[in-house]
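To keep things clear, I will list the structure first and then write my remarks on it.
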Amino acid sequence: MKNNIYIFIFILGLLSCSNEKKEVAQISSPNSNIKVNFNLNTEGKPFYTVIFNNKTVVDTSFLGFEFTNVKALLDNFKIVNTYTTAFNETWQMPWGEQLDVVNHYNELRIELEETSELNRKVNIVFKAYNDGIGFRYEFPEQSGWTEVLVKDEHTEFNLTEDYKTFWIPGDWDIYEHLYNTTKLSKIDALQYANHKNLAQTYIPENAVNTPVTMVGNDGTHLSFHEAALIDYSGMTLKVDTKDLGLKSNLVGSENNEYKVKRSLPFNTPWRTIQIADNAADLIESKLIVNLNEPNKLNDVSWFTPMKYTGIWWEMHLGKSSWDYGMTQNMNTWTDSGDAHGKHGATTENAKRFIDFSAKNNIGGVLVEGWNTGWEHWIGFEDREGVFDFVTPYPDYDIDEVTRYAKENGVEIIMHHETSAATETYEKQQDTAYALMQHYGMHSVKSGYVGKILPKGEYHHGQYMVNQYNNAAIKAAKYRVAVNAHEPIKATGLRRTYPNIISREGLRGQEFNAWSSDGGNPPEHLPIVAFTRMLSGPIDYTPGIFNIKFDEYKKDNQVNTTIAQQLALYVVIYSPIQMAADLVEHYEANPEPLQFIRDVGVDWSETKVLNGEVGDYVTIARKERETGNWFVGGITDENARTLDLAFDFLDDNQNYEVILYKDGENAHWNDNPLDIDIEEIEITKGSKLTVALAEGGGFAISLKKK
């Protein structure tokens, strides 16, 4: 047993319960603030309730399944046995928001059996933590039942209040939506889709995607999600606006009547509810990763958390292109359009980013558009086989670029855009990963833009869940870490497979460059921090200094101040953080660039100093390697003043402190580049008041002297 793990298990009780006695099975969190009750009604239907601080937050909610090949599993159950256990360990993240993670819960396991002639068995397992609950279904091996074809899962979350809810629609293909803030009773995902004219996405029900976060009148905070999504369909939540309930609605496929196909025995993903009495505790919660299995890869020291630059933002601005602008025919290249001469992924351009990164404490360079296939990568029905993941364009010398990068202490980050042609990518993965291993590349950014091929599958269904997971598991064999874009949502698998380092899975920075709706509004990220970020790391690509970029896109801009762009390196967590702007824009602003040079990416501690969902948040993180602290705070469209207390700093330690804050006249639209940078004195116990402009923020570096 490793010295950093302490496991303490108690068998608290073994109860034999009969259906006639109707004994309630109960479990409480270690601090007793959360209680879960489980029972059967008179028809033998299983249900549960959740109580938080002596108030019922989830009322009678039933559990069960419909299948396409056998009778539904909804009622006529008896309780065979119940078991309660306690578990307490501390495990360490190889990289993450903190080093030590406490995994402390009480568990209730209920063994159910049908009273009908089928006598099928299913177990329901609840884990109660101080920060929420998780529960799942376990289908044990049993005689006469070897396979299930799940038509739908009927897991209910019936609420007792019309919560203020922060939601995106239950789209089966993308999560790239702006968040809505409404009462639970006012959620209308279908009307949202019609209003937005989302022809390229699929929203079949009045449902929301998870995590979905809610705030009650008394300050109770709830966030619904799932953990350990493996070989199963992603779960959306269908909304009952009248009775204030949520019900699992699995993502399906046009190719099958069923939504999940599994052989027994198997377990479903955990259905999770994070529960807190304040917003900050939602972010500090580790419920999602704790519900995943321990590290199966063992040593992953070959991956180093890093900042990176790259050939990417310039394509979104239109300065350059992904495609070479020529097509290959019989091993010769011929002009194919306007892009020729604008290709971004050239040897010369890559070296320019390598030079800049090497000078500015930035460990990696991403190169998009390096490989053949971009001329016909999307919108073509026959795009299977278009991309070649090992063949560079003629103006990109991969040998020279990787040699030059290594000479300068910089690692090239590979890019694999699959164009959602999954069979093509699957066939080439071993060759593509082997190429990376040959060049000493340890990180890949993968993309899945477009409608899934084979036709009829959706990004969030079981077929694609397996595609994403299997790609990462295979990548680990080649010492490759995966940052997936257009991904399946994060569900904490980074604990089990730590080479799953980050992902997109939200409306990212690029929407500011070209979206016709004006880009991401100032409220977007103060919502994201309490919704999408609860599921796991985000590759949001912060650090845009040229906020307006009128020379490229007069009708678009980034809707924050430059100070907020700095704050995002602390607020939005990822073990890889892009300095996303162009080299020339950083070189023109050396003073704010200093924060990007200094800020860490891998943390031993994280403290959420304040926050309200959708309004503002301030987060402090301590860098593992140096012990330096960094603080970031952001606000929505409203200016506000925040009071900070530095009780978290080390005792008897002096720091070199630089504050980057909105200038007196700063405003996300009217004056986004107004920034004040000053050295200040801060020690443990110091207090500081910071003014944030509309759409603004602040960042603080506290480097040990």
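Given the structure is predicted, the values throughout are model-derived calculations rather than measurements.
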Side chains of [X] and [Y]: is there a donor and an acceptor less than 3.5 Å apart?
X	Y	value
E486	H459	no
S301	D299	yes
D171	T201	yes
Y425	H416	yes
W91	N290	yes
E111	N123	no
S253	Y258	no
N483	D539	yes
E384	T424	yes
Q26	N37	yes
N295	Y497	no
E417	Y448	no
D388	N371	no

May I ask you to say whether [X] pairs ionically with [Y], meaning some side-chain N is under 4.0 Å from a carboxylate O?
X	Y	value
K259	E153	no
R494	E97	yes
D430	K474	yes
E138	R136	yes

Any side-chain to backbone donor/acceptor pair from [X] onto [Y]? Under 3.5 Å, distance only.
X	Y	result
N76	G44	no
S574	I576	yes
H460	G234	no
R479	F303	no

Should the ring pair [X] and [Y] be called parallel, tilted or perpendicular, given that the plane angle runs from 0 to 90° and is split at 30 and 60?
X	Y	answer
F224	F157	perpendicular
H442	W302	tilted
F266	F139	parallel

Heavy-atom count check: over 12 atoms from other residues, nucleotides or ligands less than 6.0 Å from [X] [atom1]?
X	atom1	answer
E141	CD	no
K286	NZ	yes
K35	NZ	yes
E293	CD	no

- Message: My understanding is that only one of V36, L63, L291 makes a side-chain contact (heavy atoms from CB on, under 4.5 Å) with F135; could you say which?
- Response: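 By the side-chain contact (heavy atoms from CB on, under 4.5 Å) criterion, F135 pairs with just one of V36, L63, L291: L63.
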
- Item | Passing candidate, side-chain contact (heavy atoms from CB on, under 4.5 Å) with I273, options D131, V58, V57 |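 When side-chain contact (heavy atoms from CB on, under 4.5 Å) is applied between I273 and each of D131, V58, V57, only V58 qualifies.
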
- For the student: nearest non-hydrogen atoms of S61 and E156, plus distance: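 Closest pair (atom of S61, atom of E156, distance): CB-O, 3.2 Å.
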
- K71, R120, K121 screened by salt bridge (Lys or Arg N to Asp or Glu O under 4.0 Å) with E114, the one that passes: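 Filter result, single survivor: R120.
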
- Task: Would you check, one step at a time, whether the test side-chain hydrogen bond (donor to acceptor under 3.5 Å, both in side chains) holds for E257 with T68?
- Result: CA-CA 7 Å; E257 185 182 357; T68 64; 5.1 Å; no

Student check: side-chain heavy atoms of [X] and [Y] closer than 4.5 Å:
X	Y	answer
S28	I34	no
M235	H225	no
H221	I275	no
M214	L246	yes

- Does E176 have any salt bridge (charged side-chain N to carboxylate O under 4.0 Å, His left out) partners at least two apart in sequence or in another chain, and if so, which?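 Expected list: none.
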
- Test: K45 cationic atom under 6.0 Å from F62 six-membered ring centre, within 45° of axis: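 Relative to the ring axis of F62, which defines the angle, K45 lies inside both limits.
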
- Go through the steps to decide whether Y458 and E254 satisfy the test side chain to side chain contact (heavy atoms under 4.5 Å, CB included), and finish with yes or no. CA-CA 9 Å; Y458 294 94; E254 294 177 14; 2.6 Å; yes

- Query: In Å, rounded to the nearest 0.5 Å, how long is the span from CD of E457 to CG of D173?
  - Reply: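 With rounding to 0.5 Å, CD (E457) is 10.5 Å from CG (D173).
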
